[in-house]
Amino acid sequence: MDSRISSATYFNQGLAGMTTAQNAIAKAMQEISSGQKEIRASSDPSTTASLVELDRSVSRLQQYQRNADAADARLGQAENTLQGMSETLSRARELAIQFNNGVHDDVSRQAMRDEFGQLRDQMLSLANTRDERGDYLFSGSQVGTAPYASAVSAFAGDTRGLNISVAEGRSVRAGWTAEGLQGALQTLDDMASDTSLTTVDAARFDSLVQAQDLAITLRAQVGNSMNAVELARADNEGELYGYTATLSALRDTDYASAITELNKQTLVLQATQSTLARVQGLSLFNEL
């Protein structure tokens, strides 16, 4: 009876050992093929919690980087647009001085009025510039509303501007208000359409000067925002590198260790199988 129990117990222990070795082999092969360790919350809650928190941090930083990309695109477009505004208004001022100087016949005055109209249309188009997503750059925070329906219409945006978060606790201005352009647009429309005007009076000329000053000021703000985005992106990249390195250390497969474990468990399995085969061959075992 004792030998029967001993043999059966030994056989069952051998089967359990085979199962353990097979599971270890499967785990090692999975880690080698996937490139990641098998980490379970039940067996390693501390590492699992760390991975969850690190993944959240990486996702947050990646979102900041996407925000920085969007801000960069808007800022680049805004810089080009403001440069265009400044050049257009500079030409408008030159034309206003030319219009006020000397004696002009009806033909030359009409030619200048036609150019005032072209400059008006250019300014209106620039003021209503949209980014690649279709949002307006100069409507303040009302990015879905065109700043001006026409050169003589009231400004339809607001004065709050638009800020984009590009890093933890940091945001940049990426949208502006074009309310100060209304006087210049009205002046250009007046000079283009009112044939009774023979001079550009001081108030109208000042509106062109103020609009150009605004374009220059906003362009400087755009430059500051570009610099802030560049700094934020560099900081984010540094943090991302640190987090991803930590994630890699916790999650990625240690191939040398995994291969060693695979070989070890394969030998254990083979030895266990050989031993059980010998146990099965015992005459006492065969009589059970």
Side-chain angles (χ1 to χ4, degrees), residues 63-64 66-93 96 116 119-192 200-233:
Q63 182 60 57
Y64 285 141
R66 288 192 290 271
N67 291 352
D69 290 340
D72 263 341
R74 282 179 65 87
L75 291 168
Q77 191 168 9
E79 183 180 42
N80 292 334
T81 301
L82 290 166
Q83 175 66 20
M85 285 184 183
S86 183
E87 293 172 355
T88 300
L89 290 165
S90 179
R91 174 54 189 160
R93 291 173 62 180
F116 275 124
L119 296 173
R120 172 201 60 200
D121 294 342
Q122 290 174 18
M123 280 298 299
L124 183 61
S125 177
L126 291 167
N128 288 333
T129 297
R130 302 185 188 211
D131 65 15
E132 59 186 11
R133 298 173 54 185
D135 294 334
Y136 291 97
L137 294 178
F138 301 105
S139 290
S141 66
Q142 302 297 313
V143 296
T145 302
Y148 295 99
S150 68
V152 296
S153 63
F155 176 67
D158 62 33
T159 59
R160 290 195 295 271
L162 176 70
N163 293 325
I164 296 178
S165 296
V166 293
E168 191 68 33
R170 282 187 278 175
S171 62
V172 297
R173 176 63 62 90
W176 301 266
T177 177
E179 186 178 22
L181 298 179
Q182 187 170 358
L185 288 170
Q186 181 67 64
T187 291
L188 292 172
D189 187 72
D190 289 345
M191 298 310 301
V200 180
D201 60 33
R204 289 189 173 91
F205 190 83
D206 285 346
S207 72
L208 299 177
V209 174
Q210 291 169 8
Q212 188 174 19
D213 288 343
L214 174 64
I216 293 171
T217 299
L218 292 182
R219 195 175 179 202
Q221 293 178 8
V222 168
N224 291 335
S225 290
M226 284 180 163
N227 291 335
V229 169
E230 184 177 356
L231 290 173
R233 192 191 299 281

Under 3.5 Å, side chain of [X] to main-chain N/O of [Y], donor-acceptor pair present?
X	Y	result
Ser125	Gln122	no
Gln77	Arg130	yes
Asn67	Ser165	yes
Ser86	Leu82	no
Thr177	Asp158	yes
Arg74	Ala174	yes
Ser139	Thr145	yes

Rounded at 0.5 Å granularity, tell me how far [atom1] in [X] sits from [atom2] in [Y].
X	Y	atom1	atom2	answer
Leu214	Leu89	CG	CG	9.0 Å
Asn80	Gln83	CG	CD	8.0 Å
Leu208	Leu181	CG	CG	11.0 Å
Leu119	Leu124	CG	CG	12.5 Å
Leu218	Glu79	CG	CD	12.5 Å
Asn128	Ser150	CG	OG	9.5 Å

Shortest non-hydrogen separation from [X] to [Y] and the atoms involved:
X	Y	result
Glu132	Ala73	OE2-CB, 3.9 Å
Ala215	Met85	CB-CB, 4.2 Å
Gly140	Leu162	O-CB, 4.0 Å
Val166	Tyr64	O-CB, 3.4 Å
Tyr148	Gln182	OH-N, 3.2 Å
Phe138	Thr81	CE1-CG2, 3.6 Å

- Please lay out, stage by stage, how Arg204 and Asp201 fare under the test salt bridge (Lys or Arg N to Asp or Glu O under 4.0 Å). CA-CA 5 Å; Arg204 289 189 173 91; Asp201 60 33; 2.7 Å; yes
- Would you check, one step at a time, whether the test side chain to side chain donor-acceptor pair (under 3.5 Å) holds for Gln212 with Arg93? CA-CA 9 Å; Gln212 188 174 19; Arg93 291 173 62 180; 2.6 Å; yes
- Query: CZ of Arg160: more than 12 outside heavy atoms within 6.0 angstrom?
  - Reply: no
- Can you establish whether the number of heavy atoms outside Glu230 located under 6.0 Å from its atom CD is more than 12? no
- Pairwise side-chain contact, Ile216 with Arg219, heavy-atom cut-off 4.5 Å (strictly under):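 In short, these two side chains do not touch, never coming nearer than 4.5 Å.
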- Message: I'd like to check Leu185 versus Asp189 (side-chain heavy atoms, cut-off strictly below 4.5 Å). Are they in contact?
- Response: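 Leu185 does not reach Asp189 side chain to side chain.
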